K.L.:
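Once you've had a glance at the structure underneath, I'll fire off some questions.
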2 protein chains.
Amino acid sequence: MLDALVNTLTKYVTLSPEEVDIIESLFIFRSFRKRQYILQEGEIARFETFIVKGVTRTFEVDEKGQEHVLQFGLEDWWIGDLYSFLTETPTKSNIDCLEDTQVYQITKPNLEILYERVPKMERHFRIVIQNAYIASIKRVASSLAKTATERYLDFTTQYPQIEQRVPNHQIASYLGITAQSLSRIRSQAHKKQQ
Amino acid sequence: MLDALVNTLTKYVTLSPEEVDIIESLFIFRSFRKRQYILQEGEIARFETFIVKGVTRTFEVDEKGQEHVLQFGLEDWWIGDLYSFLTETPTKSNIDCLEDTQVYQITKPNLEILYERVPKMERHFRIVIQNAYIASIKRVASSLAKTATERYLDFTTQYPQIEQRVPNHQIASYLGITAQSLSRIRSQAHKKQQ
DNA sequence: GAAAAAAATTAACCTATGGTAATTAAAATG
DNA sequence: CATTTTAATTACCATAGGTTAATTTTTTTC
């Protein structure tokens with residue numbers, strides 16, 4: 001179990017056994033059932049969460065009551081609301097599990113201890129955040145430049161694993177369209193392929 | 001001049017005079033005229049750029065030849081294409097100056113030297129990127145949940161300085177709408193205010 | 001494995017925003 | 001300061017995607 005976490009943490013930095021012990025002592029392992037919430041709107045995000053197994057969805061609910069998927073989470077991904085976590089203010093996000101999910105979590109105080117005792121972890125998390133930032137910019141660029149059809153096709157090629165494990169109406173929400181529109185897009189795409 | 005850079009670099013960390021010297025030796029100062037390009041599509045982004053004075057716009061051109069503004073840059077902001085910079089691959093972005101602009105730039109090798117000689121700069125850049133990432137996520141959320149009118153009003157309250165210094169059609173592009181649509185939105189907003 | 005719940009599809013109609021074009025206003029330049 | 005260039009506005013029609021609603025399919029649950 002811890003292996004999955006340590007393997008990922010050593011992706012951009014090398015760790016000694018003592019450092020692995022420190023890490024082990026600072027993370028908490030938790031299990032969630034499908035449909036359980038890892039984080040709910042109004043709470044302060046006390047943890048950053050690393051997914052060992054499972055699928056999650058992070059979404060916000062707007063004033064009209066509509067849900068908007070900001071992010072999916074899969075094995076080896078970090079999820080959470082970084083803003084709430086860092087500023088210790090209530091989150092607007094919800095995270096629930098689309099499958100039974102196992103995670104490692106770290107609190108802000110423990111993350112600070114981690115940075116202090118294993119300074120090279122700053123490097124790891126800088127790179128993790130860099131990559132998340134780059135992905136987010138790509139998403140902005142794609143929402144500015146592309147039609148819903150193009151965005152859907154990009155999504156299916158970029159995240160085939162997600163497409164298989166997540167209901168279409170969640171993908172539609174991620175793409176910023178309704179389930180009905182996605183259905184229409186899919187049926188048109190199938191027609192063209194024939 | 002260097003003050004502006006050092007002030008910002010010390011926002012999240014404290015620096016000794018020796019460390020300030022190291023920084024001074026690793027950055028390059030450059031001046032650009034309005035309309036000059038700091039970065040053009042196809043180049044490798046050799047620098048991350050800190051704006052001392054001026055306004056920039058980062059944009060991509062899509063297959064249909066349309067420009068889409070990804071980011072504006074103002075005093076004390078970092079701009080650049082992090083992906084191209086880190087991976088040393090050709091950028092799809094262009095950065096040009098909307099006013100005469102002065103910047104400090106750092107190359108990737110020099111940034112690595114900086115991290116090595118002044119390790120706490122990892123912290124600074126992790127936080128800079130964190131903040132940029134958080135802003136990008138907010139933009140995604142807003143593009144999913146909000147109408148163009150709402151996004152425009154949010155923009156004017158969040159970035160009043162940009163609204164003053166940047167032509168409306170660039171703001172329209174940033175918001176993902178045409179200049180004509182923004183014009184319509186503005187005239188409707190004015191009507192309601194009366 | 002039957003019943004209930006959740007997800008996907010289809011269709012008819014509606015609306016926000018895009019595209020094109022023409023007009024006016026403002027800013028840059030020699 | 002006259003001319004050219006750039007920016008903003010307005011109007012009219014086109015269209016992608018939203019809304020509502022009904023129907024079918026799939027998945028979950030007891």
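Given the structure is predicted, the values throughout are model-derived calculations rather than measurements. In what follows, chains are A, B, ... by sequence order, proteins preceding strands, each numbered from 1.
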K.L.:
Taking NZ from B:K34 and C1' from C:dA28, how many angstroms apart are they, rounded to a whole number?
P.N.:
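Whole-Å distance recorded here is 8 Å.
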K.L.:
Both B:N168 and B:R184 contact DNA chain D. Which one's nearest nucleotide lies toward the 5' end?
P.N.:
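The residue mapped nearer the 5' terminus is B:N168.
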K.L.:
For atom NZ of B:K120, is the number of surrounding heavy atoms from other residues, nucleotides or ligands below 6.0 Å larger than 12?
P.N.:
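Check passes, neighbour count above 12.
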K.L.:
Take A:T147 and B:Q180, find for each the nucleotide of DNA chain D with the closest heavy atom, and name the residue whose nucleotide sits nearer the 5' end.
P.N.:
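The answer here is B:Q180.
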K.L.:
Which nucleotide sits closest to the side chain of A:S187: D:dG17, C:dT10, C:dG19?
P.N.:
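Closest nucleotide to the A:S187 side chain: C:dT10.
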K.L.:
Expressed as a whole number of angstroms, how long is the span from B:L98:CG to D:dA7:C1'?
P.N.:
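Distance check: B:L98 CG to D:dA7 C1' gives 13 Å.
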K.L.:
Quickly work out the B:R186 CZ to D:dA8 P distance and round it to whole Å.
P.N.:
8 Å
K.L.:
Whole angstrom is fine here: how far is it from CD in A:Q170 over to P in C:dA6?
P.N.:
12 Å
K.L.:
If you find the nucleotide of DNA chain C closest to B:R35 and the one closest to B:S181, which residue's nucleotide is nearer the 5' end?
P.N.:
B:S181
K.L.:
Mind checking if B:K64 touches a base, just sugar-phosphate, or nothing, with heavy atoms under 4.0 Å?
P.N.:
nothing
K.L.:
Rounded off to whole Å, could you give me the CG-to-P distance for the B:D100 and C:dA27 pair?
P.N.:
17 Å
K.L.:
Output yes when a side-chain donor or acceptor of A:T89 lies under 3.5 Å from a complementary backbone atom of A:T87, and no otherwise.
P.N.:
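Side chain of A:T89 to backbone of A:T87: no pair is present.
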K.L.:
Whole-Å distance between C:dA16 C1' and B:I185 CD1?
P.N.:
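Rounded to whole Å, this separation is 9 Å.
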K.L.:
Would you indicate, yes or no, if D:dT9 has its OP1 or OP2 atom less than 4.0 angstrom from a side-chain nitrogen or oxygen of B:S183?
P.N.:
yes
K.L.:
B:P167 has a side chain; which of C:dG19, D:dT19, D:dA8 sits nearest to it?
P.N.:
D:dA8
K.L.:
Can B:K138 be said to sit on top of A:Y83's aromatic six-ring, NZ or CZ under 6.0 Å from centre and within 45° of the ring axis?
P.N.:
yes
K.L.:
B:R57 and B:E99: salt bridge (charged side-chain N to carboxylate O under 4.0 Å, His left out), yes or no, with the steps?
P.N.:
CA-CA 10 Å; B:R57 116 206 207 251; B:E99 298 178 2; over 6 Å; no
K.L.:
Using atom CD1 of A:I177 as one end and atom C1' of C:dT15 as the other, report the distance to the nearest whole Å.
P.N.:
17 Å
K.L.:
Send over the distance from B:Q188 CD to C:dT15 P, rounded to a whole Å.
P.N.:
14 Å
K.L.:
Check the pair B:F50, B:W77 against ring pair (Phe, Tyr, Trp, His ring centres under 6.0 Å), reporting the backbone distance first and the verdict last.
P.N.:
CA-CA 6 Å; B:F50 174 85; B:W77 292 23; over 10 Å; no
K.L.:
Is the phosphate of D:dT6, meaning OP1 or OP2, less than 4.0 Å from a side-chain N or O of B:H169?
P.N.:
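Negative; the distance criterion is not met.
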